Amino acid sequence: MITSEQLRAARALLRWEQKDLADAARVSLPLIQELEAVPGQLKTQGRAIDAIINAVHSAGVSFFDGDYSSPGGPGVRFSRPSGSSLDTNEDETIQYREFFENDAPPGAGG
């Protein structure tokens, strides 16, 4: 389950107004306003929450519920939008010397 705080953070990442989210999820603007006004887990019909989650995910943001092994709690992050490909232009790839030169003394390491 996602929280109102996560929903606001997802909108911020996408630079969406509440109306943009309502349009993308095909739900009413007053519903988005109500959901974001109450702290904690979103409380509404499951279909509306699913539509909101799907709209945000399709735009390129993923929700994390905090029940995973990484440190931290619930949150959001950019992910690859569905239907798009990753840019793999190797001319723009940055290489850092410390990652490709072996600076260990001979015989060190495994």
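Computed from a predicted model, the values in this text were never measured in an experiment.
- Counting heavy atoms from C-beta on, the side chains of I32 and I52 come closer than 4.5 Å.
- The backbone N or O of E36 lies less than 3.5 Å from a partner atom in the side chain of R8, making a donor-acceptor pair.
- Here the closest non-hydrogen pair linking L13 and F78 is O-CZ, 3.2 Å.
- In this structure, CD in E34 is found 10.0 Å from CG in L29, a value given to the nearest 0.5 Å.
- Annotation for A24 and W16: closest pair CB-CH2, 3.7 Å, computed over non-hydrogen atoms.
- For the pair S4 (side chain) and A37 (backbone), a donor-acceptor distance under 3.5 Å is absent.
- The 12-atom threshold is exceeded at NZ of K43, counting heavy atoms of other residues, nucleotides or ligands nearer than 6.0 Å.
- Within 6.0 Å of the CD atom in E17, the count of heavy atoms belonging to other residues, nucleotides or ligands does not exceed 12.
- Taking CD1 of I53 as the reference point, atom CG of L42 lies at 7.5 Å (rounded to 0.5 Å).
- In this structure a side-chain-to-backbone donor-acceptor pair under 3.5 Å is present from Q6 to F64.
- For the atom pair CD (Q18) and CG (D23), the distance works out to 12.0 Å, reported to the nearest 0.5 Å.
- The OG atom of S62 lies 11.5 Å from the CD1 atom of I2; values are rounded to the nearest 0.5 Å.
- Taking each heavy atom of A59 and L14 in turn, the nearest pair found is O-CD2, 3.6 Å.
- For the pairing with I49, the side-chain contact (heavy atoms from CB on, under 4.5 Å) check across T44, L7, N54 returns one residue only, T44.
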